[in-house]
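Taking it in order: structure first as structure tokens, then the write-up.
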Amino acid sequence: MLLGVLIIAVSLAGCHPVPLSDSASKKGVGSIIGVSQANMREEWRIALIDELRDEIDKNDDIQMITTDATDSEGKQIQDIDNLIGYGIDLLIISPCGGNALREKIKEVYDSGIPVIVMDRAVEGFDYTLYIGPDDEVIGQQAGRYVADLLGEKGGKVVALSGKPASVQGEERLSGFRQIIDGQDQIELNILYPASETKDASYDVIAASKGIVESADVLFAYSDSMALGMCDAVRDMGLEGRVMIVDCDGFKGEDEGIDLVSQGRLKATVSCPIGGREAVDYAVSILKKESGVPKQVILRSNIIEKENVEESLAKINAGGDDDGRTIRVGYAQVGQESNWRLANIKSIEESASVFNVDLHMEMADQSQERQFEAIRQFIEEDVDVIVVSPVVETGWDEVLREAKAAGIPVIMSDRNVIVENPEENLTTTYLGADFTEEGRRAMRWIRDNVKSDEGGMRIMEIMGNAGASPTEERGEGFREILAENPSYYIAYSDYGDFTYEGGREAVRKYLEKNEWDIDIIYAHNDDMALGAIEELKAHGIKPDEDVKIISVDATKAAFDAMIRGELSCAVECNPMIGPQLMKAVRDLCSGKQMPFRIITDEQVFDQSNADDYIGKRRY
Ligand code: GYE
């Protein structure tokens, strides 16, 4: 029996969720989604609940129970226990504060109930899916906007930093400073309100008359802080003399968008809601569909008076898929690795399932050939272009050509770095978190390969120069390496992600040196396998004489772990076809594209390789 959607709104006074009647119990109802909201005070959170409800309404056999934690961590933990007591099948949570609820979320996730975390990023990966913004990027967008506003002449900027600051506040300010600190013509002053509220922000501005009077731009990383700023500036008689920029851009009275319309804010960087995406993915998780990513990072936009209407229209865009065949041109890297072969297969198989007419061009690791392919797709006037870029930089011109032709571009698997991100030359990036993969590799080494007195010598075999997985796997690895000084990189070489490249790196090293390496960190399996072959040819025993860690975790890597040759494989999932094709269809139906869609991954070693090899699909 389908009961339709039952929304149990819970009072704002902080009581328990209304118990479900027997008839609404799980039997016959389908699924219950519990939503634990941090508070129902902020406009945006109310909007999230509305958006979730509207979306759930479209699914006959899902019901939703909502709780309001009234900004109390203790209450939120209690709310979660209550929701579990009612037999929820999935939890959507927007946690109060930064990491306070992390343990609780992990507990629920470990118990087998899927958890979607929204808006406030929790550290670690102990949840099913995170949907929310990238706060550092939001801060960078604000920083670039302010730098542009002041131009070459520069000026004085005053920014607020809550004391203490929330995780997202800190990240936004750090992103902002990454841009502003590098500009000699800008002088930045930071003021510290006693909390991140409107009132504390008002007070600190009002008490800093001299600094504020001489400022050109004021920056706050949230709408409530910005409102306090706006009020203080008005009461100080400085309205119109100083420009105010903030982040959040929520809808509702006196929130960011409204303040921009009123002319009190010069601009706001929007922090999108994500309710629609949350329900979409919740349904996939409940149906146990494959291809659910680990993180969906929503896109934030700069909203000024001139584009308020357009921005609101975009935020509200419905997105109906008419089911037509979509023509996609795909500029693929080549066939350099086992990972790539699995990736190509996954994309080709999914294209037919999603009614996508796919034209894929292999570039044999040449950027020039990728340019040619993209120009050919523009000529063919395809609906969408997908690029897996060989290297990160140098794409601006060809991407501008695609934009001028009105063809949206999705970055798949690898990302690009463009000169000016506000040009919006690409719509979304879908792939792995390579930096995290690098961190995982080094964390595994730290935890599993004991350092001896002289320190541990690492040989790094990198992918091709300038590719995003090469750069980011290197960065993430070094991040953890820096915390562990008894390990160091003694030698680095490029292996271009190929088996031969890995062999060659070891061969070249042995031509000039006695073998004195303790650990090999290869940016992919193929290179690790090539290195293993070469080591064996020289009588060096893999895993015994030298530990070998790689990234990808293909079947061949599992075989090598089971043979006792490869020590550890950090997963990088190539099966992104379904997610990509879903993104293609969403894009063509006019839905707002997330900024990044990040795949789910694990770490394997010889202790668990046996348990997983049977389930390996690539
Ligand atoms: O790890 C490697 C491949 O871009 C993530 O490219 C991909 C990488 C992958 O050739 O094996």
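Indexing begins at 1, ligand by ligand and atom by atom, following the structure's order. Below, all heavy atoms of this structure are taken into account, side chains as well, without hydrogens, waters or symmetry copies.
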Pairs under 3.5 Å, N/O atoms on ligand 1 and on the protein: can you put them in a table with the distances?
| unit_1 | atom_1 | unit_2 | atom_2 | d |
| --- | --- | --- | --- | --- |
| ligand 1 | 1 (O) | Arg473 | NH1 | 2.9 |
| ligand 1 | 1 (O) | Arg473 | NH2 | 3.1 |
| ligand 1 | 1 (O) | Asp552 | OD1 | 2.6 |
| ligand 1 | 4 (O) | Arg340 | NH2 | 3.2 |
| ligand 1 | 4 (O) | Asp413 | OD1 | 2.8 |
| ligand 1 | 4 (O) | Asp413 | OD2 | 3.2 |
| ligand 1 | 4 (O) | Arg414 | NE | 2.7 |
| ligand 1 | 6 (O) | Arg340 | NH2 | 3.1 |
| ligand 1 | 6 (O) | Arg414 | NH2 | 2.9 |
| ligand 1 | 10 (O) | Glu336 | OE2 | 2.4 |
| ligand 1 | 10 (O) | Ser337 | OG | 2.9 |
| ligand 1 | 11 (O) | Ser337 | OG | 3.2 |
| ligand 1 | 11 (O) | Asn524 | ND2 | 2.8 |
| ligand 1 | 11 (O) | Asp552 | OD2 | 2.6 |

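Annotation: cation-pi pair Lys294/Tyr127 present, NZ/CZ under 6.0 Å from the ring centroid and within 45° of its normal.
Ile374 is not listed as a side-chain neighbour of Glu361, based on a closest heavy-atom distance of 4.5 Å or more.
In this structure, Glu436 pairs ionically with Arg439, as a charged nitrogen and a carboxylate oxygen lie closer than 4.0 Å. Using a 4.0 Å cut-off between charged nitrogen and carboxylate oxygen, Glu565 and Lys536 count as a salt-bridge pair.
Within a 6.0 Å sphere centred on NZ of Lys555, other residues, nucleotides and ligands contribute more than 12 heavy atoms.
Relative ring orientation between Phe371 and Trp395 is described as perpendicular, the plane-to-plane angle rising above 60° on a 0-90° scale split at 30° and 60°.
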